[in-house]
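Below is one structure, written out as structure tokens; the observations come after it.
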Number of protein chains: 4
Amino acid sequence: MPKVGMEPIRRAALVKATIAEIGEAGTLDVTVSQIAKRAGMSSGLAHHYFGGKDQIFLAAMRHTLALYAAEVRGALSMACTPQDRIGAIVRASFSHSHFQRDVIAAWLNFYVLAQSSQQARHLLGIYQRRLRSNLIFALRPLVGLRAVDVAEQLAGMIDGLYLRQSLGQSLVDPERAIRHVMRAVALELAQGPSR
Amino acid sequence: MPKVGMEPIRRAALVKATIAEIGEAGTLDVTVSQIAKRAGMSSGLAHHYFGGKDQIFLAAMRHTLALYAAEVRGALSMACTPQDRIGAIVRASFSHSHFQRDVIAAWLNFYVLAQSSQQARHLLGIYQRRLRSNLIFALRPLVGLRAVDVAEQLAGMIDGLYLRQSLGQSLVDPERAIRHVMRAVALELAQGPSR
Amino acid sequence: MPKVGMEPIRRAALVKATIAEIGEAGTLDVTVSQIAKRAGMSSGLAHHYFGGKDQIFLAAMRHTLALYAAEVRGALSMACTPQDRIGAIVRASFSHSHFQRDVIAAWLNFYVLAQSSQQARHLLGIYQRRLRSNLIFALRPLVGLRAVDVAEQLAGMIDGLYLRQSLGQSLVDPERAIRHVMRAVALELAQGPSR
Amino acid sequence: MPKVGMEPIRRAALVKATIAEIGEAGTLDVTVSQIAKRAGMSSGLAHHYFGGKDQIFLAAMRHTLALYAAEVRGALSMACTPQDRIGAIVRASFSHSHFQRDVIAAWLNFYVLAQSSQQARHLLGIYQRRLRSNLIFALRPLVGLRAVDVAEQLAGMIDGLYLRQSLGQSLVDPERAIRHVMRAVALELAQGPSR
DNA sequence: AATGAATGAGGATTCATTCAT
DNA sequence: GATGAATGAATCCTCATTCAT
């Protein structure tokens with residue numbers, strides 16, 4: 001069964017399996033064996049490629065964050081006006097691929113991991129700062145000095161609405177979440193720029 | 001060494017130790033022995049009183065939620081106007097006792113626990129519904145039909161700003177969080193009631 | 001089955017089992033489970049008392065060294081003349097309890113352990129220095145300045161004859177080993193003191 | 001990349017790497033991968049050539065023993081008198097190539113291996129018997145019937161002094177060891193032949 | 001000939017839980 | 001009521017060995 005050039009394929013399979021497994025269990029308490037099995041390989045191989053459970057988790061986190069970042073970047077690239085930019089960010093945050101029960105649960109667990117893992121904290125910090133700066137950049141022309149405050153407000157609302165889905169008994173509804181955020185944006189914009 | 005009437009004291013000590021331990025570790029991966037030791041007793045006794053680790057966690061969660069609920073209730077009881085009520089809820093959500101690194105981390109972990117524990121999910125559901133209904137009740141007179149939407153918006157913002165603190169490298173700043181939420185409230189109220 | 005005050009008993013049983021197991025296997029490649037089983041307890045308990053495999057090995061080594069030291073001390077306490085002292089040391093080195101296939105094999109393995117374990121090296125260093133200084137002390141009155149050289153010679157012979165038994169197909173013969181060493185001693189003493 | 005006629009080169013590289021690795025680690029707990037890597041090849045190839053880890057160890061041992069034997073043989077071939085023969089054996093035992101920290105550690109580990117491996121024991125037995133018979137042969141003309149006893153004495157001293165170097169914190173000093181053994185020889189010879 | 005991908009058994013270690021005292 | 005001794009299942013990780021390429 002040994003093949004050559006399998007490394008990227010194996011790694012991708014493991015990352016995907018990790019997210020799925022965490023999402024399904026709702027916990028980081030998944031075993032390497034479970035992950036490996038879902039990815040169609042032995043636990044030994046998982047260790048071979050990643051060196052340990054921690055590294056597997058971090059890789060999964062990196063992947064998740066990268067997917068999100070790519071989604072935001074793609075949406076932003078098509079935005080012409082500041083208003084569009086804000087909409088792009090919000091919509092990407094609740095996009096189909098990002099806004100699924102499993103992924104949300106994994107994301108939540110990454111927040112927890114960040115409490116005890118230096119590296120996880122670092123990764124999540126990058127996400128948070130990027131979201132913040134993307135928002136500020138888009139808001140500056142519209143609300144001037146209030147941009148920082150509004151960005152924090154919106155970032156909080158995005159994260160919070162996202163988080164609250166992890167428990168939602170009802171089906172997740174991205175449109176509803178998007179509408180909530182955009183409503184707050186509209187009200188702020190209506191105030192015009194500060195200074 | 002056996003004493004009578006110790007049960008409530010022991011239980012309280014264990015609950016407190018559990019929150020502290022989870023908060024410090026940033027994880028639910030704390031051992032019963034650690035918790036018991038911090039509470040000044042043997043692990044066996046912890047089991048004796050709670051029956052198992054899960055029950056200890058649930059008790060800690062119940063306690064945390066009850067504290068928060070009491071804080072909200074207390075604040076609400078002094079509020080006269082709808083506006084006051086909203087302010088009371090927001091302020092309670094970021095109150096001193098509730099808005100500390102340790103407690104926030106524990107809270108975050110309870111969200112995670114809720115993914116895999118029916119009972120934890122139930123408890124957290126109560127919290128979410130209560131927050132939502134408290135907000136709706138206060139908002140109804142002010143924004144009419146929009147109350148539900150605004151309540152969800154605000155609940156999301158509260159949870160999100162709260163959550164974002166768990167990673168914040170900077171010191172937690174309740175006033176700033178409160179200001180963000182109240183600003184959104186003000187803008188909504190300025191629209192007047194719908195219908 | 002839990003009892004109180006078992007710790008010293010358990011520890012002693014584990015130490016004894018460790019030496020027996022190493023002796024029988026001829027290797028440090030024995031599992032904690034094997035040791036624990038031979039000592040009549042679970043592997044978990046072995047860890048509980050010693051904290052890890054390394055610590056178990058070190059304890060076994062310490063015990064072995066202590067036994068030897070006690071044997072030497074006892075023999076020395078009854079020696080009146082320098083000659084007696086030398087005889088006591090040599091005889092203790094090949095005493096019944098010390099000169100058995102199992103114990104010799106364990107001892108040999110401790111030498112190996114000392115190559116990679118700082119602590120084991122430390123322990124063995126103590127043994128070597130003590131043997132050396134005991135010999136020098138006894139030899140000084142008899143051979144004067146040559147004491148150091150003769151001590152090293154004898155120490156080497158003792159260790160070497162001891163070591164060679166670990167492979168001996170023939171039955172180990174302490175008397176023969178003792179005779180070899182004492183013969184070398186006699187020849188040196190016949191030279192009289194230097195300077 | 002496959003080449004022909006590589007076998008002897010590969011085998012030699014592996015043997016050398018094995019001794020170096022064991023010497024460095026101070027343990028037989030080295031992996032085949034480590035050895036293969038040091039020898040500049042894959043672990044698979046190491047298995048291909050030797051069939052298994054045990055065989056690699058045995059080959060390394062055989063090589064080490066052969067080197068020593070060659071050294072002794074070479075030295076003996078230039079010895080004319082029985083005294084010279086003894087000196088040759090002793091000097092070879094502490095020759096530069098043989099008396100290095102790494103090699104000594106490997107040698108010690110081979111002693112351990114001999115406890116659990118029939119074949120290793122066999123190899124070491126050959127070494128021991130050869131040393132013994134070489135000594136007896138050289139001693140017979142000088143000490144007559146005492147040859148056997150003296151040979152055992154000297155063999156013990158050689159092995160013991162060699163062994164003690166493996167722990168020596170001080171630099172290894174072959175001259176000193178040689179002097180110790182030769183001193184014992186001189187004293188015995190001074191007694192003249194028995195019977 | 002050579003690689004390194006892949007497996008899977010084995011072992012140290014941890015920990016919730018039980019229970020004799 | 002209280003302890004902590006004791007168990008054993010569970011998990012991470014390592015590594016010899018095999019084998020497709």
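Letters go in sequence order (proteins before strands), and every chain restarts at 1.
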#### Entry: Range-with-range stems for DNA chain E, at least three Watson-Crick or G-U pairs under 3.5 Å
E:2-21 with F:2-21
### Task
Identify, between Met41(B) and Lys53(A), the residue whose nearest nucleotide on DNA chain F lies closer to the 5' end.
Met41(B)
### Query
When the nearest nucleotide of DNA chain F is assigned to Gly44(A) and to Ser43(B) on a heavy-atom basis, which residue is associated with the more 5' position?
Ser43(B)
### Query
Is Glu24(D) salt-bridged to Arg38(D), cutoff N-O under 4.0 Å?
yes
Side chains of [X] and [Y]: does their closest heavy-atom pair fall under 4.5 Å?
X	Y	result
Leu14(C)	Met41(C)	yes
Val103(D)	Tyr68(D)	no
Leu163(A)	Leu108(A)	yes
Ile22(D)	Thr27(D)	no
Leu67(C)	His63(C)	yes

Length of the line joining [X]:[atom1] and [N]:[atom2], which is rounded to integer Å:
X	N	atom1	atom2	value
Leu28(D)	dC15(F)	CG	P	14 Å
Gln34(A)	dA10(F)	CD	C1'	11 Å
Ile56(B)	dC15(E)	CD1	P	14 Å
Leu45(B)	dC19(E)	CG	C1'	14 Å
Glu21(B)	dC15(E)	CD	C1'	14 Å
Leu14(C)	dA12(E)	CG	C1'	15 Å
His48(C)	dT3(F)	NE2	C1'	12 Å
Lys37(D)	dT14(F)	NZ	P	14 Å

### Closest nucleotide among dC12(F), dT7(F), dA5(F) to the Ser42(C) side chain
dT7(F)
### Task
Please state whether the phosphate of dA16(E), meaning OP1 or OP2, lies under 4.0 angstrom from any side-chain nitrogen or oxygen of His47(B).
no
### Query
Taking only side-chain nitrogens and oxygens of Arg10(B), does any of them come within less than 4.0 Å of OP1 or OP2 of dA2(F)?
yes
### Query
What does Tyr49(A) touch in the nucleic acid at a heavy-atom separation under 4.0 angstrom: a base, only the sugar-phosphate, or nothing?
sugar-phosphate
### Query
Can you name the closest pair of heavy atoms from Ala114(A) and Leu124(A) and give their distance?
CB-CD2, 3.8 Å
## Note on the structure
The residue, Thr31(C) or Val30(B), whose nearest nucleotide of DNA chain E is more 5′ is Thr31(C)
